[in-house]
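Below is one structure, written out as structure tokens; the observations come after it.
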Number of protein chains: 2
Amino acid sequence: MTDATAKRRGRPPRTESADTRDRILTAAREEFSERGYEKTSVRGIAKAAGVDSALVHHYFGTKEQVFEAAVEVAFAPAQNAPAAVAEGPLDGVGERLTRFIFGVWENPATRKPLLAVVRSAVNNEAAAAVFRRLVVAQVLGRVAAQLDLPDAELRAELAAAQLVGTAMLRYVIKVEPLASANVEQIIARVAPVVQGHLTGP
Amino acid sequence: MTDATAKRRGRPPRTESADTRDRILTAAREEFSERGYEKTSVRGIAKAAGVDSALVHHYFGTKEQVFEAAVEVAFAPAQNAPAAVAEGPLDGVGERLTRFIFGVWENPATRKPLLAVVRSAVNNEAAAAVFRRLVVAQVLGRVAAQLDLPDAELRAELAAAQLVGTAMLRYVIKVEPLASANVEQIIARVAPVVQGHLTGP
């Protein structure tokens, strides 16, 4: 700690608020992914972050809003990926989308917030709404927009269903041999199906 | 109530135990599907069934065992369906399996226990184990056995992934337009994918 930061003690300066926000979001992601939406409380998040509950409400609002912020931040590094998935030749979109999804699931840092979203969305309507906004609007909406077909949204959702179901059985419920299969083997089988849903007859 | 049954009061006769078991299982299905596995307690099930907790333990054992019994009974009418799905010409197995799964989900009576299984399996390892035993061993195992291919189990699981994912997005998270689409339209798109996973190159 420098003399300058030491001097600022006693009353939290404005520059510390970004740190506090981050600490709250990190704690929120941990709590939501471990306990699920319903069993997580703003009080529990505040305690894990070492702050007062009022501060959590001050920065984020309701529990649903904390959840959305926690999940959105986790998705932030991947925000550009849907564009990369949607752009490029249409006959490779199935493989690009499949690689993107498994890339996120295979990465331990992004698997946790995804687990939080899935666990929570399955059990709670508010969290399901967040899932619909984030995943459907941001990822599937962009993919569908590239298809230029009247049933593009339904196609994108059935493609997503193959990906969501595979992720559920492999990473959440851990069904064998799927759970231990090489990820490239899975991608090789799933990508053509995703492509078929998106651009097939 | 007849005179004969009135006379049997005071000490529960053996013939009433089947009713009590059924009442406990019905209450258990309600509790698990509404609250999920973790938030459901043996005490809560007992209360809903109007019996003592000790009786629930006496008939079924632990919470995991109550859960498995509750879910197994719900699946009982469909126990013969996997055989019907697996038998018959192999080039129609995709459509038979798809129709079987959507038939269960579209039926309000069987949707509830399925929701209980999905909600619980996603959030709890004990419930996930029940899902693996019931769904994987009983349904997918029989389908895989008919395929006579070295990678039959993985094929059956990837087919199941399409079905599980579609059910998740349609019935649990309720993503539109998938949630409101005509079920025949969904079957027409999903069945060939399931068939492809099972018997494709």
Side-chain angles (χ1 to χ4, degrees), chain A residues 34-39 115 117-125 127-132 135-137 140 144 151-182 185-186 189-190 192-194 196-197 200-201, chain B residues 34-39 115 117-125 127-132 135-137 140 144 151-182 185-186 189-190 192-194 196-197 200-201:
Chain A
E34 265 160 40
R35 296 168 193 273
Y37 185 86
E38 299 215 339
K39 278 160 87 183
L115 274 174
V117 177
V118 171
R119 292 209 161 106
S120 303
V122 165
N123 279 281
N124 181 278
E125 175 46 36
V130 172
F131 180 94
R132 290 192 294 264
V135 177
V136 180
L140 298 187
D151 57 351
E153 285 184 324
L154 187 62
R155 285 170 175 267
E157 288 168 11
L158 288 170
Q162 176 73 63
L163 295 165
V164 166
T166 309
M168 280 272 295
L169 295 182
R170 178 176 168 91
Y171 302 106
V172 184
I173 302 184
K174 299 191 179 77
V175 165
E176 293 294 356
L178 183 58
S180 303
N182 183 285
Q185 192 189 359
I186 306 297
R189 285 169 182 255
V190 166
V193 170
V194 171
H197 279 305
Chain B
E34 265 160 42
R35 297 168 192 275
Y37 185 86
E38 299 215 339
K39 278 161 87 182
L115 273 174
V117 177
V118 170
R119 293 212 161 105
S120 303
V122 165
N123 280 281
N124 181 278
E125 175 47 35
V130 172
F131 180 95
R132 288 191 295 264
V135 179
V136 180
L140 298 187
D151 57 352
E153 286 184 324
L154 187 61
R155 284 170 176 270
E157 288 169 10
L158 289 170
Q162 176 73 64
L163 295 166
V164 166
T166 308
M168 281 271 295
L169 295 182
R170 178 175 167 91
Y171 302 105
V172 184
I173 302 184
K174 300 192 178 76
V175 164
E176 292 295 354
L178 182 58
S180 303
N182 183 287
Q185 191 189 1
I186 306 297
R189 285 168 183 255
V190 166
V193 170
V194 170
H197 278 306

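This one's a predicted model, so the numbers in the text were calculated from it and none came from an experiment.
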Top contributor to chain B interface from A:V175, A:V172, A:V164 [non-hydrogen pairs under 4.5 Å]
A:V175

Using a cut-off of under 4.5 Å on heavy-atom pairs, state which of B:I173, B:T166, B:L158 scores highest against chain A.
B:I173

Is A:I186 in contact with chain B via its backbone, its side chain, both, or neither, using a 4.5 Å heavy-atom distance?
side chain

For the residue pair A:S120 and A:Y37, what are the closest heavy atoms and their distance?
OG-N, 3.0 Å

At a 4.5 Å cut-off on heavy atoms, which part of B:L115 comes close to chain A: side chain, backbone, both, or neither?
neither

Evaluate B:H197 against A:Q162 for side-chain contact (heavy atoms from CB on, under 4.5 Å), listing each step before the verdict.
CA-CA 11 Å; B:H197 278 306; A:Q162 176 73 63; 2.8 Å; yes

Taking only residues two or more places apart in sequence, or in another chain, which ones meet B:E176 in a side chain to side chain donor-acceptor pair (under 3.5 Å)?
B:S180

For A:A156 and A:A144, work out which heavy atoms get closest and say how close.
CB-CB, 4.2 Å

Bottom line for A:L169: the part with an atom under 4.5 Å from chain B's heavy atoms is side chain

Using non-hydrogen atoms and a 4.5 Å limit, figure out which bit of A:V193 sits close to chain B: side chain, backbone, both or neither.
side chain

Minimum heavy-atom separation for A:V122 and B:R119, please, with both atom names.
O-NE, 2.7 Å

Segment of B:K174 engaging chain A (4.5 angstrom heavy-atom cut-off)
both

Can you tell which part of A:A160 gets under 4.5 Å to a heavy atom of chain B, answering side chain, backbone, both or neither?
both

Selection residues 151-163 of chain A - residue pairs positive for salt bridge (charged side-chain N to carboxylate O under 4.0 Å, His left out), sequence neighbours left out
A:D151-A:R155, A:D151-B:R189

Contact winner vs chain A - B:A161, B:G196, B:A127, B:A159, heavy-atom pairs under 4.5 Å:
B:A161

Nearest-0.5 Å distance that lies between atom CG in A:L178 and atom CE in A:M168:
12.0 Å

